Asker: 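The structure's right below; bear with me while I get my questions together.
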Amino acid sequence: MCGIVGITGHENVVTDLVEGLRRLEYRGYDSAGVAIVQTDSVRVIKQQGKINDLERVLPWDELHGSCGIAHTRWATHGKPSKLNAHPHSSGALAVVHNGIVENYTALKVRLEGKGHLFRSETDSEVLAHLILDQYDGNLETAVQRALKLVEGTYGIAVVHADEPDKIVGARRGSPLLVGVGDGANYLASDVAAIMGHTRQVIYLDDGEMVVLTPQDVTTMNVDNQEVTKEIQEITWDLERIQKGGYPHYMLKEIFEQPQTVLDSFRGRILPESGDVKLGGIQLTDRELLAIKRIIIIACGTSWHAGLVGEYLLEEYARIPVEVEYASEFRYRSPVIEPGTLCLTISQSGETLDTLEAMREAKRRGAKVIGITNVVGSTIARESDCGVYIHAGPEIGVASTKAFTSQVTILILLTLLFGRRRHLGIEIGKRTIEELQRIPDKIQQVLDQSAAIRAIAEVYAQHSNCLYLGRGVNFPIALEGALKLKEISYIHADGYPAAEMKHGPIALIDPNMPVVVISTRDSSYEKIRGNVQEVKARQGKIISVVTEGDTEIAAASDHVITIPETMNMLTPLLSVIPLQLLAYYTAVIRGENVDQPRNLAKAVTVE
Ligand code: AGP
């Protein structure tokens, strides 16, 4: 999704702006551009395509300036093109914008009436003209006046040639943070863009603005009242967002999972009492007991993690759970009764649908726990309390390690709620002992990557694939199908295995690969029957079975084994081969694994 970088105070900002954009590439984009403040003007260069394409057209010798802004665009209004790329300019002013200006048509008509000439099809361009229209020598005042007229969401960075070392930023509904440096200051939509320069950051909240010069950072609100903000220190390493020898971020992140799952539960388990301690959840035992119902809100892969959570929390903590697509929840009239707890799950912590659904739940009186990965993200800050999943930066657009870490946190929450209700100490202790073995067991699955690649070779050129699972493995079937379609563009569907006979069975023929997650648990006998149903119609069966299984293995065309574990923990193992299968399929097909077409890492638009 769109990314913003701004720098003021470097001798020449061009190279560093481009480098900042590179660090945002993982978010997904279709065009990019820079605006450099020069003597009497702001020079804007932009290009459709990737950062390399932009670099090719940059007139490096002519571009000099100590202050500038840059942007990666992911098209919403207007096709991906050079003209629609940001920055947008008007006179000696340039702006980059993340978000959507909802009343741009009305504003555009008004500004055109005043002689402003529009060049692009975007909603964002209206901001350049609008701010210039309000400009009388002070950029922050012009931005404040302009934003009062804007409906919609924004994270913006603005420069004007008359105030050559100043960048003004403002935020409503789209993330923006300030990097505080020494003799230089930075603005970005994502900390990755500026981490090479500083680790001291200020996260802006909605309604806030910032004025940056090389020496000063002034935070205020749109009503021009100064706001005091805390500077936070980023503790993780830049190395963690680099590829570390792997050909793709996605593969690196898949292979990190023994460590990231460990990081998610480390320091939070109490093996002696079969219990857990989650520092971010400031609820007393009495408050935990008062929870009568849980609503889980999320999108995409995080929603699949939520579905796993539903199985776990209902079965082991005996609390009724509903899992909602955030985009649906926010526009329904959801019933929130006293005792309703809302779990908001989001890797990025910035997904707009999830954020707005969370705000809606809060407005209706629900207590909200945010389960996020990105520290300081909007959902993390706006939830009543929260748990970080500690998976480290996830760069691949297709989420992998965040999923297993989200599931790990949901296992911990199940223990937290369960131990205060019906879950005995023995099962609590056994679960924690087994959880501690899971990182090694994930490694055992990863060790089969060559065999999984060989399976991918067989089916990589197929056009469809079906994923089946039961119980806690049904969400894993959904997640396996999502991974495949996201990065290989093969059509894939996930189903509860027994549901197959109500429709999808019509699709099964010798050309249909069917991935069946058939681990040894209470539904084993049933799923064995489903495997036979596929076999009878000559579908190709790829089974994920528990080590030692012979029956389903005998009926399958290909077998991947996972080590035996408790039912509650199975998803942490059964999802791994499906991630690898999707990854290798996409690689064999020659697709752009880390930046699949049309997708963005953080979906900050509706
Ligand atoms: C996952 O592979 C996807 N790219 C996508 O479904 C993602 O999980 C979804 O957009 C939610 O993102 P979030 O976890 O950052 O809120």
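In each ligand, atom 1 is the first atom listed, and ligand 1 is the first ligand listed. Note that the structure is a prediction, hence the values are computed from the model and not measured. Computed over heavy atoms, backbone and side chain alike; hydrogens, waters and symmetry mates excluded.
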Asker: What residue and heavy atom of the protein are closest to atom 11 (C) of ligand 1, and at what distance?
Answerer: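 For atom 11 (C) of ligand 1, the nearest protein heavy atom is Cys299 O, 3.3 Å.
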Asker: Checking side chain to side chain contact (heavy atoms under 4.5 Å, CB included) between Lys229 and each of Val178, Asp205, Val210, Val201, which is the one that passes?
Answerer: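 Between Lys229 and the candidates, side chain to side chain contact (heavy atoms under 4.5 Å, CB included) is satisfied uniquely by Asp205.
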Asker: Which word best sums up how the rings of His71 and His86 line up, parallel for under 30°, tilted for 30 to 60°, or perpendicular for over 60°?
Answerer: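 If you compare the ring of His71 with that of His86, the planes turn out parallel.
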Asker: Would you please say whether a donor-acceptor pair under 3.5 Å links the side chains of Thr301 and Gln347?
Answerer: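 Distance-only check fails for Thr301 and Gln347.
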Asker: Looking only at side-chain N and O atoms, does Thr378 offer a donor or acceptor that is under 3.5 Å from a partner on Arg171?
Answerer: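 Yes, side-chain donor-acceptor contact under 3.5 Å.
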Asker: Report the nearest protein non-hydrogen atom to atom 15 (O) of ligand 1: residue, atom name, distance rounded to 0.1 Å.
Answerer: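 So the nearest neighbour among protein heavy atoms is Ser348 OG, 2.7 Å.
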Asker: Compare Ala582, Ser302, Ala326, Gly300 and give the one whose heavy atom is closest to atom 14 (O) of ligand 1.
Answerer: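 Comparing heavy atoms across Ala582, Ser302, Ala326, Gly300, the nearest one to atom 14 (O) of ligand 1 lies in Ser302.
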Asker: Please write down residue, atom name and distance for the protein heavy atom closest to atom 3 (C) of ligand 1.
Answerer: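 Heavy-atom neighbour on the protein nearest atom 3 (C) of ligand 1: Glu486 OE2, 2.9 Å.
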Asker: Under 4.0 Å between a side-chain nitrogen and a carboxylate oxygen: does that hold for Glu256 and Lys401?
Answerer: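 Salt bridge present between Glu256 and Lys401.
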Asker: Is any N or O atom of Ser399, backbone or side chain, closer than 3.5 Å to an N or O atom of ligand 1?
Answerer: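 Yes: some nitrogen or oxygen of Ser399 is under 3.5 Å from one in ligand 1.
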Asker: Counting non-hydrogen protein atoms only, what is the nearest one to atom 7 (C) of ligand 1? Give residue, atom name and distance.
Answerer: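 Ranking protein heavy atoms by distance from atom 7 (C) of ligand 1, first comes Thr301 N, 4.1 Å.
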Asker: Which of the numbered atoms in ligand 1 are below 4.0 angstrom from a heavy atom of Ser346?
Answerer: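 Listed by number with element: 13 (P), 14 (O), 15 (O), 16 (O).
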Asker: Tell me: protein heavy atom nearest atom 10 (O) of ligand 1, and distance?
Answerer: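 Of every protein heavy atom, Val603 CG2, 4.1 Å lies nearest to atom 10 (O) of ligand 1.
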Asker: Does Gln347, backbone or side chain, put an N or O under 3.5 Å from an N or O of ligand 1?
Answerer: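 N/O-N/O distance under 3.5 Å: yes.
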Asker: Please state whether Ala398 comes within less than 4.0 angstrom of ligand 1, counting heavy atoms only.
Answerer: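 Per 4.0 Å heavy-atom rule, Ala398 contacts ligand 1.
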Asker: Search all heavy atoms of Ala477 against all heavy atoms of Ile517 and return the closest pair with its distance.
Answerer: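 Where Ala477 meets Ile517 most closely, the heavy atoms are N-CD1, 3.6 Å.
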Asker: Under a 3.5 Å threshold, yes or no: a donor from one side chain and an acceptor from the other, between Glu25 and Gln595?
Answerer: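 The criterion, which ignores hydrogens and geometry beyond distance, is not satisfied for Gln595 and Glu25.
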Asker: What's the shortest distance from atom 13 (P) of ligand 1 to any protein heavy atom, and which residue and atom give it?
Answerer: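 The closest one turns out to be Thr351 OG1, 3.2 Å.
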Asker: Kindly say whether the aromatic ring centers of His304 and Phe403 come within a distance under 6.0 Å.
Answerer: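 That pair fails the under 6.0 Å test.
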Asker: Short list, please: which atoms of ligand 1 are under 4.0 Å from a heavy atom of Val397?
Answerer: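 Listed by number with element: 2 (O), 4 (N).
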Asker: Looking only at side-chain N and O atoms, does Thr519 offer a donor or acceptor that is under 3.5 Å from a partner on Asn473?
Answerer: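 Their side chains do contain a donor-acceptor pair, which is all the 3.5 Å distance test asks for.
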Asker: What part of Glu350, side chain, backbone, both or neither, has a heavy atom within less than 4.0 angstrom of ligand 1?
Answerer: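 Neither; nothing of Glu350 gets under 4.0 Å from ligand 1.
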